[in-house]
Engineer: 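Take this structure, written in structure tokens, and hold onto it; I'll ask about it next.
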Amino acid sequence: MTNYLSVKKRPARLGLGAASLVLLLICVLFAGCTKEDAPSPERRESERVIPFTVTTLDGAVFSLDAAKGSVVVLNFWASWCGPCKYEAPFLQDAYETFGPQGGKFIGVAVDDTGEGARAFVEHFGLTFPIAIDSTGEIMKAYNIYGIPRTYIIGKDGEAAYTHSGAISGEDLSREIRKAM
């Protein structure tokens, strides 16, 4: 006869609530950071390439117009953004791989401070050109509502690929290769 009153000890399991929380945190990591609501899906301006010229942290001038004829990786980020920290090593690896092949890279820190951006660059050992959009004009021109956001711009100066949220090294390399 079975005794239904006895209690058997079972191994501890991750509860449904805890599992849901872990899943939510993973989604937030890969979704990106945002301070405003995103525009409606009909707005395709977010894929337009708007020429700009900016001074990088090392004092050089980067012009998107001057880079035409090369594949350009344009990455919008901020030092306080968790997903930006995740993708930073992938961007550096891609620069080391595709920079010598003629690829141009520019990282644009948005909604950030010079001190924060410089600390981020140093921490992650970024060697590709980095600039700060101190006026917010570039961010507005590109309708950046969440970061990170990465553009791979083809040799024709048009967006070949755009990615919102943290980009993986595999996706980044694949899309740069396609554009080259």
Side-chain angles (χ1 to χ4, degrees), residues 23 25-34 38 41 44-54 56-58 60-112 116-133 138-139 141-180:
L23 182 60
L25 290 173
I26 290 170
C27 289
V28 167
L29 173 67
F30 289 103
C33 299
T34 183
R44 302 304 289 184
E45 311 103 42
S46 63
E47 294 181 5
R48 287 189 345 201
V49 175
I50 312 296
F52 64 89
T53 300
V54 67
T56 64
L57 292 178
D58 64 1
V61 174
F62 180 92
S63 167
L64 199 54
D65 275 340
K68 198 167 184 178
S70 299
V71 171
V72 178
V73 176
L74 167 59
N75 178 257
F76 292 96
W77 62 279
S79 61
W80 47 263
C81 167
C84 300
K85 295 173 185 176
Y86 169 82
E87 73 176 9
F90 302 133
L91 288 160
Q92 180 61 33
D93 289 346
Y95 175 67
E96 291 172 8
T97 301
F98 297 104
Q101 297 176 32
K104 308 282 185 199
F105 284 67
I106 182 71
V108 179
V110 297
D111 203 15
D112 210 337
R118 284 180 177 81
F120 185 95
V121 167
E122 184 178 324
H123 177 78
F124 289 101
L126 303 180
T127 59
F128 56 91
I130 300 288
I132 300 172
D133 181 17
I138 301 169
M139 183 174 86
Y142 277 82
N143 293 309
I144 302 299
Y145 291 91
I147 53 173
R149 182 152 178 89
T150 303
Y151 288 73
I152 298 176
I153 302 167
K155 294 177 182 179
D156 61 358
E158 299 294 321
Y161 178 78
T162 59
H163 185 89
S164 294
I167 191 166
S168 70
E170 181 180 311
D171 289 347
L172 184 59
S173 293
R174 179 189 65 241
E175 295 303 327
I176 293 171
R177 269 192 235 98
K178 279 187 197 176
M180 290 193 118

Engineer: Specify the closest pair of heavy atoms between Pro83 and Ala166, including all atoms of both residues, with the distance to one decimal.
Structural biologist: O-CB, 3.6 Å
Engineer: Under the side chain to side chain donor-acceptor pair (under 3.5 Å) rule, what do Asp65 and Ser63 come out as? Steps first, then yes or no, please.
Structural biologist: CA-CA 5 Å; Asp65 275 340; Ser63 167; 5.1 Å; no
Engineer: Using 30° and 60° as the class boundaries, would you call the ring planes of Phe52 and Phe62 parallel, tilted or perpendicular?
Structural biologist: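 Rings of Phe52 and Phe62: tilted, as their planes differ by 30° to 60°.
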Engineer: Would you say that Val71 contacts Lys104 through its side chain, given a criterion of any heavy-atom pair below 4.5 Å between the two side chains?
Structural biologist: no
Engineer: Compute the ring centroids of Tyr161 and Tyr151, then answer whether they are less than 6.0 Å apart.
Structural biologist: no
Engineer: If I compare all heavy atoms of Arg48 with all of Tyr142, which pair ends up nearest, and what's the gap?
Structural biologist: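 Looking at all heavy atoms of both residues, the shortest contact is O-CE2, 3.5 Å.
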Engineer: Quick check: closest heavy atoms across Met180 and Gln101, and the distance to 0.1 Å?
Structural biologist: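 Of all heavy-atom pairs spanning Met180 and Gln101, the closest is CE-O, 3.7 Å.
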Engineer: Identify the heavy atoms of Ala94 and Leu172 that sit nearest to each other, and give their distance.
Structural biologist: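 Closest approach of Ala94 to Leu172, heavy atoms only: CB-CD2, 3.6 Å.
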Engineer: Look at the side chain of Glu87 and the backbone N and O of Ile167, then say whether any donor-acceptor pair between them is shorter than 3.5 Å.
Structural biologist: yes
Engineer: Is the shortest side-chain heavy-atom distance between Val61 and Thr56 below 4.5 Å?
Structural biologist: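 A side-chain contact is absent here, since even the closest heavy-atom pair is not under 4.5 Å.
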Engineer: If we only count heavy atoms from C-beta on, is the Val108 to Asn75 side-chain gap below 4.5 Å?
Structural biologist: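 Of all side-chain heavy-atom pairs linking Asn75 with Val108, none is under 4.5 Å.
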Engineer: For the residue pair Ile176 and Lys178, establish whether any side-chain heavy-atom pair is separated by less than 4.5 Å.
Structural biologist: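 A side-chain contact under 4.5 Å is absent here.
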Engineer: Roughly how far, to the nearest 0.5 Å, is the SG atom of Cys81 from the CG atom of Asp112?
Structural biologist: 9.5 Å
Engineer: Contact between Thr150 and Thr162 at the side-chain level, heavy atoms closer than 4.5 Å - yes or no?
Structural biologist: no
Engineer: Would Arg118 count as a cation-pi partner of Phe120, with NZ or CZ less than 6.0 Å from the six-membered ring centre and within 45° of the ring normal?
Structural biologist: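 No cation-pi geometry.
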Engineer: What is the distance from atom CZ of Arg177 to atom OG1 of Thr97, rounded to the nearest 0.5 Å?
Structural biologist: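 Separation between the atoms: 8.5 Å.
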Engineer: Is there side-chain contact between Val72 and Ile152, with at least one heavy-atom pair below 4.5 Å?
Structural biologist: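 No, side chains not in contact.
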Engineer: What closest approach, in Å, do Val49 and Pro51 show between heavy atoms, and which atom pair accounts for it?
Structural biologist: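 Scanning both residues, the minimum pair turns out to be O-CD, 3.8 Å.
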Engineer: Would you compute the distance between atom CZ of Arg149 and atom CG of Leu74 and round it to the nearest 0.5 angstrom?
Structural biologist: 10.0 Å
Engineer: Under the side-chain contact (heavy atoms from CB on, under 4.5 Å) rule, what do Phe98 and Ser173 come out as? Steps first, then yes or no, please.
Structural biologist: CA-CA 9 Å; Phe98 297 104; Ser173 293; 3.9 Å; yes
Engineer: So, for Lys68 and Lys155, which heavy atoms are closest and what is the spacing to 0.1 Å?
Structural biologist: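 Of all heavy-atom pairs spanning Lys68 and Lys155, the closest is CG-O, 3.8 Å.
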Engineer: Using 0.5 Å steps for rounding, measure from the OG atom of Ser164 to the CZ atom of Phe76.
Structural biologist: 11.0 Å
Engineer: Before giving the answer on side-chain contact (heavy atoms from CB on, under 4.5 Å), spell out for Thr53 and Leu64 the whole-Å C-alpha distance, their side-chain angles and the decisive distance to 0.1 Å.
Structural biologist: CA-CA 6 Å; Thr53 300; Leu64 199 54; over 6 Å; no
Engineer: If you look only at distance, which donor and acceptor atoms sit under 3.5 Å apart when one is on a side chain in residues 122-133 and the other is two or more places apart or in another chain?
Structural biologist:
unit_1: Thr127; atom_1: OG1; unit_2: Gln92; atom_2: OE1; d: 3.4
unit_1: Thr127; atom_1: OG1; unit_2: Gln92; atom_2: NE2; d: 2.7
unit_1: Asp133; atom_1: OD1; unit_2: Gly136; atom_2: N; d: 3.1
unit_1: Asp133; atom_1: OD1; unit_2: Glu137; atom_2: N; d: 3.3
unit_1: Asp133; atom_1: OD1; unit_2: Ile138; atom_2: N; d: 3.4
unit_1: Asp133; atom_1: OD2; unit_2: Ile138; atom_2: N; d: 3.2
unit_1: Asp133; atom_1: OD2; unit_2: Met139; atom_2: N; d: 2.7

Engineer: So does Ala88 get a backbone contact from the side chain of Trp77, meaning a donor-acceptor N/O pair under 3.5 Å?
Structural biologist: no
